[in-house]
Protein chains: 2
Amino acid sequence: MNELEVFKALSNQTRLQILRWLRDPDKHFTPQGHSFTEVGGCVGQIQQKCGLTQSTVSEYLALLQRAGLVTATRRGQWTYYKRNDEAFEQLGKFVQSTL
Amino acid sequence: MNELEVFKALSNQTRLQILRWLRDPDKHFTPQGHSFTEVGGCVGQIQQKCGLTQSTVSEYLALLQRAGLVTATRRGQWTYYKRNDEAFEQLGKFVQSTL
DNA sequence: TTGGCATATCGGAAAAAACCGATATATCTT
DNA sequence: AAGATATATCGGTTTTTTCCGATATGCCAA
């Protein structure tokens with residue numbers, strides 16, 4: 001875990017919001033063939049909810065992925081992003097015991 | 001706790017380093033009348049260790065204080081900054097259970 | 001294999017953060 | 001009161017981040 005990269009990823013209101021949505025995808029996204037709890041949410045739906053352009057949201061999600069906070073799954077033409085629960089668990093412990 | 005402000009405060013290598021030093025002040029700073037474990041480290045010594053200018057370090061410490069990650073104590077002409085352990089405890093829990 | 005749709009990447013303008021030197025403020029000494 | 005020392009604040013330059021439109025890539029259906 002690159003702590004600086006992680007904190008930078010978390011230093012943006014929109015990205016924090018996205019992570020909160022992904023905490024409970026079924027509540028915030030409407031299914032489209034795949035279970036959201038399984039694969040997460042797709043770029044398009046996330047984009048609509050935050051109101052930024054497609055390219056910006058795509059970059060944000062890639063950035064969150066690089067930081068290890070979400071994982072990506074390609075299903076056909078869609079990419080689903082899912083919260084990486086373990087990363088948050090680890091980060092929480094790191095903040096308390098090492099940082 | 002303003003989470004965005006906190007994460008922004010943590011998004012800088014030097015500030016992360018400062019927090020690590022303040023985690024165990026007696027190991028990293030030489031005393032000068034006050035117990036570091038009691039009050040923390042003073043701006044001058046922190047400045048020397050990180051090699052940036054006095055004004056930059058002063059601003060960094062003020063920023064960490066605004067984010068609630070450190071507390072400040074004035075003793076005569078010195079200001080001592082101390083790690084706010086409780087804040088990190090809280091932040092760790094927040095990351096795991098809410099973020 | 002062509003067109004449509006979802007996503008990714010690129011290049012750049014605008015906003016924010018990093019960091020500095022100069023200067024102000026506060027405290028101690030004499 | 002004046003000088004010395006520690007810290008805080010201000011104004012400005014450079015670097016990074018934000019966010020966009022345009023375009024490229026990947027996948028599917030006709």
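All figures in this text were calculated on a predicted structure; none of them were measured in a lab. Residue numbering restarts at 1 for every chain, and letters A, B, ... go by the order of the sequence lines.
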Stepwise side chain to side chain contact (heavy atoms under 4.5 Å, CB included) check, A:Leu10 with B:Leu99: CA-CA 10 Å; A:Leu10 295 172; B:Leu99 182 63; 4.1 Å; yes
Hey, could you give me the CD/CG distance between B:Gln54 and B:Leu52, rounded to the nearest 0.5 Å? 11.5 Å
Please check if the side chain of B:Ser11 supplies one atom and the backbone of A:Phe7 the other of a donor-acceptor pair under 3.5 Å. yes
Here the distance between atom C1' of D:dT7 and atom CD1 of B:Ile18, to the nearest Å, is 14 Å
Whole-Å distance separating the CD atom of A:Gln47 from the C1' atom of D:dG21: 13 Å
Rounded to whole Å, the CZ-P distance (A:Arg66 to C:dT9) equals 8 Å
Quick one: do B:Phe88 and B:Leu19 satisfy side chain to side chain contact (heavy atoms under 4.5 Å, CB included)? Show the steps, please. CA-CA 11 Å; B:Phe88 287 87; B:Leu19 289 170; 3.9 Å; yes
What side-chain donor-acceptor pairs closer than 3.5 Å can you find for residues 55-69 of chain B, not counting sequence neighbours?
| unit_1 | atom_1 | unit_2 | atom_2 | d |
| --- | --- | --- | --- | --- |
| B:Ser55 | OG | B:Thr53 | OG1 | 3.4 |
| B:Thr56 | OG1 | B:Thr53 | OG1 | 3.0 |
| B:Tyr60 | OH | B:Asn12 | ND2 | 3.4 |

A:Lys8 NZ to C:dA17 C1': how many Å, rounded? 10 Å
Rounded to the nearest Å, what distance is computed from the CG atom of residue B:Leu63 to the C1' atom of nucleotide D:dT9? 14 Å
Any A:Arg74 side-chain nitrogen or oxygen under 4.0 Å from OP1 or OP2 of C:dA6: no
Short N-O contact, A:Lys8 and A:Glu3, less than 4.0 angstrom: no
Interatomic distance where CG belongs to B:Leu64 and P belongs to C:dA18 [whole Å]: 11 Å
Nearest whole angstrom, please: distance from the C1' of D:dC27 to the CH2 of A:Trp78. 9 Å
Spacing between B:Leu10 atom CG and C:dA17 atom C1', to the nearest angstrom: 15 Å
Mapping B:Gln77 and A:Ser11 to their closest nucleotides on DNA chain D, which lands nearer the 5' end? B:Gln77
Centre of B:Tyr80's six-membered ring, under 6.0 Å away, within 45 degrees of the axis: is that where NZ or CZ of B:Arg75 sits? no
May I ask you to verify if any side-chain N or O of A:Asn12 is less than 4.0 angstrom from the OP1 or OP2 atom of C:dA16? no
Which residues in residues 50-60 of chain B have a heavy atom closer than 4.0 Å to any atom of DNA chain C? B:Leu52, B:Thr53, B:Ser55, B:Thr56, B:Glu59, B:Tyr60
